There are 2 protein chains.
Amino acid sequence: MNKPITIKEIARDLGVSFSTVSKSLNDSSEISEKTKKKVKEYAALRGYTPNQIALSLKNSATYTIGVIIPDIQNSFFASVLKNIEIHAKSYGYRIVTFFTNEKLKEEEESLKILSKGLVDGLIVCPSDETFKKKKFDHFNAIKNMNTPVLVFDRVDENLEFDSVSVDDYKSIISALDYLYEKGARSIVLASAIPDVSVGKKRKEAFEKFIKDNPEVEGIVLESDDNPVLQKMLLEVVETKKVDAMLGVDIESTSLANSVVAMLGKNYKEEISLIGYVNKQFNRLQYPRVSYINQYPEKIGQIAVDMIVDKIKIGNSNLLNKEVIETTLSIKDTSL
Amino acid sequence: MNKPITIKEIARDLGVSFSTVSKSLNDSSEISEKTKKKVKEYAALRGYTPNQIALSLKNSATYTIGVIIPDIQNSFFASVLKNIEIHAKSYGYRIVTFFTNEKLKEEEESLKILSKGLVDGLIVCPSDETFKKKKFDHFNAIKNMNTPVLVFDRVDENLEFDSVSVDDYKSIISALDYLYEKGARSIVLASAIPDVSVGKKRKEAFEKFIKDNPEVEGIVLESDDNPVLQKMLLEVVETKKVDAMLGVDIESTSLANSVVAMLGKNYKEEISLIGYVNKQFNRLQYPRVSYINQYPEKIGQIAVDMIVDKIKIGNSNLLNKEVIETTLSIKDTSL
DNA sequence: TTGTAGGCGTTATCAT
DNA sequence: ATGATAACGCCTACAA
């Protein structure tokens, strides 16, 4: 129940000046070994630890990275966040986290709060609604401040910041190549993020592939309303001969997965499934779902590397856009 | 790239003293409307926002709650964290989050960092390894500080703090009653958390039930090594006539679920499954898994309520131990 | 109605 | 070798 002890109190108790205490604790060569020892011992005894807030003020550095994420229940974001935290820790940074729950208003709020000098840098993935309403003013507002910002995953031309993301085009094409190779000629693209940048890009890649391969029938099913998308999927798989499905996000992939299970279809023989899910997703699944590995560990790590760099070097106007190569991880759902 | 503007600069630019600026911005009645207006307009123009770090130092309050969680990839913790954040926000608190990845050392580190005046209160769920090694000194160390601490989920006699948790005994018994009612006479208890307080308590409740109902065969399978536990489950379900399985945590439940799928067993006819999973878990599953609802939303909310209370009222020595009643949510896996 | 001084906990600079 | 002072940005008595 005791308040944390301060340098001043140590000084008072020891009958020395507080600058002597400060210097002793920082091992200054100006102070005699004897005094240093005395001070250090007493400080240890009293459990002294420097107040980080005071240090932050003094150094105008918080050693904190702000992280804004749409949805922590989404295992992709959970995995990225985990790795951001791990990596930030290794640089001596803490993270303060805000979840927007895919809402624009919460994103604006979060950005506003974090721009009050609370963090040295910001790692953000914009919300669904931000894209839907095409509102980016709150991002532009922070561009004029000296807080470096990095966007991950959902990069967009409207967001002129450093970024880390995966190669949407390549990843879709390689998945489709694989499915084509295996004989799929009727392929469903399922998306629960029709408005989000990556959702759009993945759809474009899909459409390009279909255009380039006219013998393939491409069916695009999109809705950010889960029950609606599920109904669409059920109907298509029931009434058409669908060889394969490709989910561009976790939601749509797990819906596709459920639909297959509900209809009692057989993965290896009747229908294939590939999705933008991850290892964690598969820990809870059987059979395992084939997925496009976006390497969330890498995303988290690179995001931290880049933001720490910007924090230290200072905000330059050159934009650094990192793109991660995905790989296809084939499981029992797609052979 | 401009540094954030300060009160001093506004004062200089406007040719008034900085206390006039401060008072104007805080709408003090001491200042004339005219001056206030002038100051406010200029502040708005320059995008002034008070530096939170300075405010924290001044008020010796950080408006931040520290959260220490074993594993963000665990959807139970993800859900609790989400609700902690939502609720903290509503009180005007931010959260700074540390993940221990079930490691004692990381927990010690996190606790140490957060006790340097960075947070006004702390919400913690101890790691697996903490229980395994029975090391609680780092918790005792923080008891002597004036930072209120609240433990959720994994409460333990060694942790003398406020707490929020579910009723382990009741929840296990009601699940077993249900299964018994449905005719199960051979029941497996699966646990991936044999060392953790809640794992132990749930096992004890199970054993009590078996003792009270000698006609029921109870089989306890425990291991914190997933492949090992899976092997045990596979073997038992293959070789014995098991009517039902009860998972005391997400890992064990999803392993049990996988085993059923692997063996091609039928849920409604051959085997039942109930686990400590949650709604989110089922969003990715088909068929849905019956679960003991621990109400992570409530846990998050009550945790914040209690810690904010302690922060405001001050740390009393009366311990407040909140216990949440679970409910059984029956799905297609257990009819 | 406005301005001055002190303090939150530190460190760094400049005396003594 | 030690101590006093200023500064980080802010707020709030208290003076003027």
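The figures here come from the full heavy-atom set of this structure, side chains too, leaving out hydrogens, waters and symmetry mates. Sequence lines set the chain letters: A, B, ... in the order given, protein chains first and strands last, and positions in each chain run from 1. Bear in mind that the values here come from a model prediction, so they are computed numbers and not experimental data.
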Visitor: For B:K23 and for A:K23, find the nucleotide of DNA chain C with the closest heavy atom, then tell me which residue's nucleotide is more 5'.
Guide: B:K23

Visitor: For A:I10 and C:dT11, what is the distance between atoms CD1 and P respectively, to the nearest whole Å?
Guide: 11 Å

Visitor: Is there a side-chain polar atom (N or O) of B:N26 under 4.0 Å from OP1 or OP2 of D:dC11?
Guide: yes

Visitor: Once you round it to whole Å, what is the distance between C1' of C:dA15 and CD of A:E30?
Guide: 11 Å

Visitor: Output yes when at least one side-chain N/O atom of B:S19 is less than 4.0 Å from OP1 or OP2 of C:dT4, else no.
Guide: no

Visitor: Using whole Å, report how far CG of A:L55 lies from P of C:dG9.
Guide: 12 Å

Visitor: Could one point to a donor on the side chain of A:S17 or the base of D:dA4 with an acceptor on the other under 3.5 Å away?
Guide: no

Visitor: Would you say B:S32 places a side-chain N or O within less than 4.0 Å of OP1 or OP2 belonging to C:dT1?
Guide: no

Visitor: Rounded to the nearest angstrom, tell me the gap between atom NZ in B:K37 and atom C1' in C:dT2.
Guide: 20 Å

Visitor: Does the side chain of A:K8 get closer than 4.0 angstrom to OP1 or OP2 of C:dG7 through an N or O atom?
Guide: no

Visitor: Rounded to whole angstrom units, what separation is found between the CD1 atom of A:I31 and the P atom of D:dG3?
Guide: 8 Å

Visitor: Please list all pairs meeting ring-ring contact (aromatic ring centres under 6.0 Å, His included) that have one or both residues in residues 18-61 of chain A, counting only residues at least two apart or in different chains.
Guide: none

Visitor: Could you check whether A:S29 gets within reach of a base, just the sugar-phosphate, or nothing at all, counting any heavy atom under 4.0 Å?
Guide: sugar-phosphate

Visitor: State whether a side-chain donor-acceptor pair under 3.5 Å links A:E9 with A:T6.
Guide: yes

Visitor: Taking the axis from the first five pairs and the axis from the last five, what angle separates them in the helix from C:dT1-D:dA16 to C:dT16-D:dA1, rounded to 10 degrees?
Guide: 70°

Visitor: So does B:E85 pair up with B:K82, basic N to acidic O under 4.0 Å?
Guide: no

Visitor: Please determine if A:K37 and A:E41 form a salt bridge, counting it only when a charged side-chain N lies under 4.0 Å from a carboxylate O.
Guide: yes

Visitor: Return the 5'-most residue of the pair B:F18, A:L57 with respect to DNA chain C, ranking by each residue's nearest nucleotide.
Guide: B:F18

Visitor: Output the rounded distance in Å from NZ (A:K58) to P (C:dA12).
Guide: 7 Å

Visitor: Are the charged groups of B:E106 and A:K89 less than 4.0 angstrom apart, N to O?
Guide: yes

Visitor: Write down the distance between CD1 (B:I7) and P (C:dG3), rounded to a whole number of angstrom.
Guide: 13 Å

Visitor: For the residue pair A:F152 and A:F76, categorise the inter-ring angle as parallel (less than 30°), tilted (30 to 60°) or perpendicular (more than 60°).
Guide: tilted

Visitor: Among the candidates C:dG7, C:dG9, C:dT2, find the nucleotide nearest to the side-chain atoms of A:A54.
Guide: C:dG9

Visitor: Remember a base hit wins even if backbone is also touched, and classify B:N59 as base, sugar-phosphate or nothing at under 4.0 Å, heavy atoms.
Guide: nothing

Visitor: Angle class for the B:Y91/B:H87 ring planes (parallel below 30°, perpendicular above 60°, tilted otherwise)?
Guide: perpendicular

Visitor: Of the listed nucleotides (C:dC14, C:dT1, C:dT11), which one gets closest to any side-chain atom of B:T35?
Guide: C:dT1

Visitor: One thing to verify: whether B:R154 and B:D128 come together as a salt bridge, which I'm taking to mean a side-chain N less than 4.0 angstrom from a carboxylate O.
Guide: no

Visitor: Looking for any heavy atom pair under 4.0 Å, which part of the strands does A:T6 touch: base, sugar-phosphate only, or nothing?
Guide: sugar-phosphate

Visitor: May I have the distance from A:I53 (atom CD1) to D:dC8 (atom P), rounded to whole angstrom?
Guide: 18 Å

